[in-house]
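What follows is a set of notes on a single structure, which appears directly below.
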Amino acid sequence: MPFLSSSGLWIICILLVATVYVRLRSRSSRKRLPPGPRGLPVLGNIHQFSPLRPYLKFREWAFQYGEIFRIRVGPQEFIVLNSSDAADELLANRSKIYSSRVAPHVAHDLMSAGQRMLFMSYNEKAWKVSRKYIQGAVGPASSSMERFCRFADLEAVILLHDLLRYDKQQEGFKDGISTPSVHTDIENHWFSLVRRYTTSLVMTLTYGKRVSQIQNNPRVHKIYEVVEKMTQVAQPGHYLADAFPIMRKLPDALAPWRKEGRKLHNWEMELWGGLLAEQQALIRSGVHGESFVSAYLTARAEAGLENLPGRGVTDDGWMRDELLTYNAATILEAGSDTTASGIQAFVLFMLNNPHTLQKAREEIDRVVGETRLPSFEDEAKLPYFVACIKETLRRHSAIIGGVPHKVDEDDTYKGYFIPKGSIVLGNTYAIHMDPVRYPNPDVFTPERFHKPTEPTRWGSGPDSTDRDHYAFGWGRRYCPGAHIAEWSMFVVCARLLWAFDFRNPSGCSAPDANDELGTWSDGFLCVPKMFAVEWKVRSEAKEKLILQKLEDAQEVWILEGLSEVAR
Ligand code: HEM
């Protein structure tokens with residue numbers, strides 16, 4: 001059978017079968033699908049948008065087709081919702097049937113061995129169990145928020161101190177030597193100091209271990225490498241086997257992605273599995289801090305299940321080791337770069353809008369004064385500053401394109417048929433840039449959210465129809481870490497404004513926040529590219545206070561008995 005040796009012919013056969021399948025399916029459905037651009041047979045619209053920046057094309061199509069449009073990626077139907085009304089109605093009000101996912105085959109089945117909850121279907125027991133525990137560890141319950149606020153308060157002091165020291169190291173800035181506005185080495189850049197803050201925080205909540213230093217810390221850098229790799233591998237269009245399920249039946253010799261996916265699984269498990277094994281050893285030795293994983297392992301051991309290797313959940317709902325380690329990993333991954341980039345984006349918008357920066361700083365100075373740091377308790381008295389954070393999340397949230405959901409049953413919306421199994425995407429970018437809902441959407445305008453006489457309402461309020469923005473998604477897949485993300489942005493950004501006269505180094509101008517391609521990275525996480533900032537402390541008194549708070553923080557770490565994450 002010489003023809004079988006040609007992978008090209010195999011692929012053609014498969015594509016032909018897929019074409020026939022798609023044609024038959026579309027003929028059998030006489031119902032009215034939403035409008036959308038014409039695509040190619042078999043491939044659909046896959047060639048019409050950049051898989052690394054789909055949100056730009058999706059916004060154009062939103063203008064053209066209105067609040068709902070349909071495209072096809074291979075055989076996969078893709079319904080895009082471009083108004084907050086449509087997204088609220090389907091993804092929130094009808095979330096019982098709109099909360100699944102279409103898992104990318106290579107990223108989920110192979111790289112994650114089916115254990116990454118972000119990709120799991122709504123009806124999977126493993127998702128329900130995972131969601132419950134993650135929500136408990138990082139969600140809005142008062143016990144987790146109390147723990148989070150205690151550690152965030154201390155970690156934010158360390159960040160201030162790191163930036164004080166960082167400024168002193170950047171002699172080039174002070175001498176007026178021009179510094180490139182785009183760096184490639186994150187290791188010694190202030191971006192990594194913000195990453196240290198977010199990663200240490202989620203590491204403490206998850207494993208009871210701190211990250212005191214990010215430089216020369218390959219393990220912590222690897223968390224970011226895994227996120228980068230995973231989001232790249234999961235990108236629609238990256239593998240034909242994701243779009244054409246029939247290709248998954250090919251033998252190993254014709255399916256190079258299979259070997260690659262399994263290799264990636266082993267690579268990431270060196271990190272995640274290592275963290276779990278260390279925690280198990282600590283528990284056995286009786287010396288371990290308070291954390292999500294240690295509390296879970298202790299409870300599981302008390303139920304007589306100390307050793308529970310393997311994947312998934314038991315019949316009575318206990319997570320086996322590999323699912324547990326992936327859930328811990330999910331908190332580390334989802335809670336690190338997203339929040340760090342939110343803080344970096346805030347700094348970028350402040351540098352782009354000096355009058356806003358001045359107004360927010362004046363509010364903070366008025367409420368806080370010189371002799372103490374801004375704290376969580378100041379929130380109600382800082383409505384303009386809170387509005388600046390909301391506007392940052394509206395104008396450019398890290399997951400700018402939204403995370404696709406899948407619908408589990410046939411449905412209709414305003415007369416349009418939405419077939420079961422379609423991917424349904426809340427088009428966050430188009431919604432956030434809707435000129436009716438947000439006049440002059442390109443312009444950074446915190447005033448649109450500034451309501452000084454009303455109590456503070458964060459994006460994470462319970463009612464999705466009454467939200468200021470949609471940076472955290474919708475319905476039953478709504479981001480469980482939204483509260484801690486917003487609170488981190490609150491405490492860190494307030495302290496940055498209070499402590500530093502941050503500005504562009506002389507000879508550099510801030511990157512233009514409206515330059516989508518030049519200033520923001522591409523990919524699933526669309527975050528600011530590195531840019532230079534001079535961190536100049538605003539007064540000696542403030543510097544002294546930061547140094548004193550640093551000593552207090554270090555005493556608390558010792559009292560809490562928090563160990564350091566091994567490098
Ligand atoms: C500014 C920071 C953050 C942003 C913009 C963000 C945004 C999002 C979005 C858009 C989703 C998908 C929602 C949907 O499918 O409708 C999501 C899911 C998720 N987020 Fe966040 N997030 C942030 C921070 C965090 C933090 C700090 C954590 C945890 C420590 C976290 C944990 C998760 C998890 C576990 C999911 C998956 C939920 C599921 O699939 O059921 N996120 N996030």
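Order of listing sets the numbers, starting from 1, for every ligand and every atom in it. We're numbering straight along the sequence, starting at 1.
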(request) On the 0 to 90° scale, with breaks at 30° and 60°, tag the F502-W535 ring pair as parallel, tilted or perpendicular. (result) tilted

(message) Between K414 and E89, does any side-chain N to carboxylate O distance fall below 4.0 Å?
(response) no

(message) What count do you get for protein N, O or S atoms closer to atom 21 (Fe) of ligand 1 than 2.8 Å?
(response) 1

(request) Report, in ascending order of atom number, the atoms of ligand 1 lying under 4.0 Å from any heavy atom of W474. (result) 16 (O)

(request) If you have a sec, work out which protein heavy atom is nearest atom 12 (C) of ligand 1 and how many Å separate them, to one decimal? (result) V403 CG2, 3.4 Å

(request) Identify, for atom 16 (O) of ligand 1, the protein heavy atom at the shortest distance, and state residue, atom and that distance. (result) H405 NE2, 2.7 Å

(request) May I ask you to say whether R94 pairs ionically with D408, meaning some side-chain N is under 4.0 Å from a carboxylate O? (result) no

(request) Return the orientation label for the W127 and Y122 ring planes: parallel under 30°, perpendicular over 60°, tilted otherwise. (result) tilted

(message) Once you restrict to heavy atoms under 4.0 Å, what part of T198 touches ligand 1? Side chain, backbone, both or neither.
(response) neither

(request) Take the angle between the ring planes of W520 and F349 and call it parallel below 30°, perpendicular above 60°, tilted in between. (result) tilted

(message) Give me the residue, atom name and distance of the protein heavy atom closest to atom 13 (C) of ligand 1.
(response) R477 O, 3.2 Å

(request) Flag T339 as yes when one of its N or O atoms lies below 3.5 Å from any N or O atom of ligand 1, and as no otherwise. (result) no

(request) Please state whether Y470 comes within less than 4.0 angstrom of ligand 1, counting heavy atoms only. (result) no

(message) D321 vs R300, test: salt bridge (Lys or Arg N to Asp or Glu O under 4.0 Å). Steps then yes/no.
(response) CA-CA 11 Å; D321 284 352; R300 207 177 72 180; 2.7 Å; yes

(request) Find all atoms of ligand 1 within a distance of less than 4.0 Å from any non-hydrogen atom belonging to W127, and give their numbers and elements. (result) 39 (C), 41 (O)

(request) Using a strict 4.0 Å cut-off to heavy atoms of I484, name the atoms of ligand 1 that fall inside it. (result) 27 (C), 30 (C)

(request) Report the relative orientation of the aromatic rings in F490 and W487; use parallel for angles under 30°, tilted for 30 to 60°, perpendicular for over 60°. (result) perpendicular

(message) Around atom CD of E447, are there more than 12 heavy atoms from other residues, nucleotides or ligands closer than 6.0 Å?
(response) yes

(request) Return a yes/no value for R476: is any of its N or O atoms, backbone included, closer than 3.5 angstrom to an N or O of ligand 1? (result) no

(message) If you apply the rule salt bridge (Lys or Arg N to Asp or Glu O under 4.0 Å), what do you find for R196 with E155, and how did you get there?
(response) CA-CA 9 Å; R196 187 216 61 79; E155 291 292 6; 2.9 Å; yes

(request) Return yes when atom CD of E124 has more than 12 non-hydrogen atoms of other residues, nucleotides or ligands closer than 6.0 Å, and no otherwise. (result) yes

(message) Taking distance alone, with N or O pairs closer than 3.5 Å, would you say Y478 contacts ligand 1?
(response) no

(message) Among all the protein's non-hydrogen atoms, which is closest to atom 38 (C) of ligand 1, and how far away is it?
(response) R131 NH1, 3.4 Å

(message) Under 4.0 Å from a heavy atom of I331: which atoms of ligand 1 are those, numbered in the order shown and with their elements?
(response) 30 (C)

(request) Give the numbers and elements of all ligand 1 atoms closer than 4.0 Å to a heavy atom of T330. (result) 35 (C)

(request) Flag the pair E146 and R150 as a salt bridge only when some basic side-chain nitrogen lies within less than 4.0 angstrom of an acidic carboxylate oxygen. (result) yes

(message) Among residues at least two apart in sequence or on other chains, which ones pass ring-ring contact (aromatic ring centres under 6.0 Å, His included) with Y413?
(response) none

(message) Aromatic contact between F531 and F191, with the criterion being ring centroids under 6.0 Å apart: yes or no?
(response) yes

(request) Assess whether atom NZ of K125 is packed by more than 12 heavy atoms of other residues, nucleotides or ligands within 6.0 Å. (result) yes

(message) Is it the case that ligand 1 has an N or O less than 3.5 angstrom from some N or O of R101?
(response) yes

(request) Measure the distance from atom 7 (C) of ligand 1 to every protein heavy atom, then report the residue, atom name and distance (to 0.1 Å) of the closest one. (result) A471 O, 3.4 Å

